[in-house]
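Right, one structure below, let's go through it.
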Amino acid sequence: MRGMKIKQRFIMMSATGGYVGNLPVVPGTFGTMVGLLPAFALSLLENAYIGLVLIVLFILVSIWISERAEQALGTVDPGCIVIDEIAGIMVTLWALPFEWPVVLTGFLVFRCLDMIKPFPIRQIEKNLSGGLGIVVDDVAAGVAAHIILRIIF
């Protein structure tokens, strides 16, 4: 860390969700928890479509950051990168009421889908690489979790 340039530090800090991705246990779960903060902020917007635009921009930036972090770490889809979980929970909770039953259910459904990776999420993960592969499978899990939440609530 000491010899890292400011840009590299920013990339690693962002990719690891403020370094929670470096925790020794369940970094994806802690990364998802970090994602509740921007999801909450988006819930305060008057217009859900502005939130959707912000989520898409966040996803695009997450792909770029994940690509750079993966290259810096020299490992394919390292577990410490959790910006993808942040994007996934933002997609999961988009335009839904930020109330504890919705948030808790969304958190649990998203984490289950992200860990189990049912069809087609696993195929997305296998067929894409780099930053795109890191982020898009979590976005797909977020879309699936969002649909499940819409059905439940």
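All residue numbers in this chain count up from 1 along the given sequence.
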Atom pair [atom1] ([X]) and [atom2] ([Y]), whose distance is rounded to the nearest 0.5 Å:
X	Y	atom1	atom2	result
Ile59	Leu54	CD1	CG	11.0 Å
Met90	Leu36	CE	CG	11.0 Å
Ile65	Asp84	CD1	CG	11.5 Å
Ile81	Ser66	CD1	OG	5.0 Å
Thr105	Trp100	OG1	CH2	8.0 Å
Thr29	Asp114	OG1	CG	8.5 Å

Within 6.0 Å of CZ in Phe10, more than 12 heavy atoms from elsewhere: no

Option from Leu23, Asn22, Thr16 for which side-chain contact (heavy atoms from CB on, under 4.5 Å) with Val20 holds: Leu23

Transitive ILVMFWY side-chain link [X] to [Y], under 4.5 Å:
X	Y	result
Met115	Ile83	no
Leu37	Leu108	no
Val139	Tyr49	yes
Leu104	Leu93	yes
Ile116	Ile152	no

Of the non-hydrogen atoms in [X] and [Y], which two are nearest, and what is the gap between them?
X	Y	result
Leu113	Ala141	CD1-O, 3.7 Å
Ala95	Arg150	O-NH2, 3.1 Å
Glu85	Gly28	CG-O, 3.5 Å
Gly106	Ile89	O-CD1, 4.0 Å
Tyr19	Arg9	OH-O, 3.6 Å
His146	Trp94	CE1-O, 2.8 Å

Heavy-atom check, side chain of Phe98 versus side chain of Val103, under 4.5 Å: yes

N/O donor-acceptor pair under 3.5 Å between Gln8 side chain and Lys5 backbone: yes

Whether Glu67 side chain and Gly130 backbone form a donor-acceptor pair below 3.5 Å: no

Steps toward side-chain contact (heavy atoms from CB on, under 4.5 Å) verdict (Met12, Leu73): CA-CA 9 Å; Met12 293 310 296; Leu73 294 167; 3.7 Å; yes

side-chain contact (heavy atoms from CB on, under 4.5 Å) evaluation trace for Trp64 with Ile11: CA-CA 9 Å; Trp64 184 84; Ile11 288 169; 4.0 Å; yes

Candidate pair Leu149 and Thr92, rule side-chain contact (heavy atoms from CB on, under 4.5 Å), full reasoning: CA-CA 8 Å; Leu149 287 177; Thr92 298; 3.6 Å; yes

side-chain contact (heavy atoms from CB on, under 4.5 Å) assessment of Thr32 paired with Phe110: CA-CA 9 Å; Thr32 303; Phe110 170 71; 3.6 Å; yes

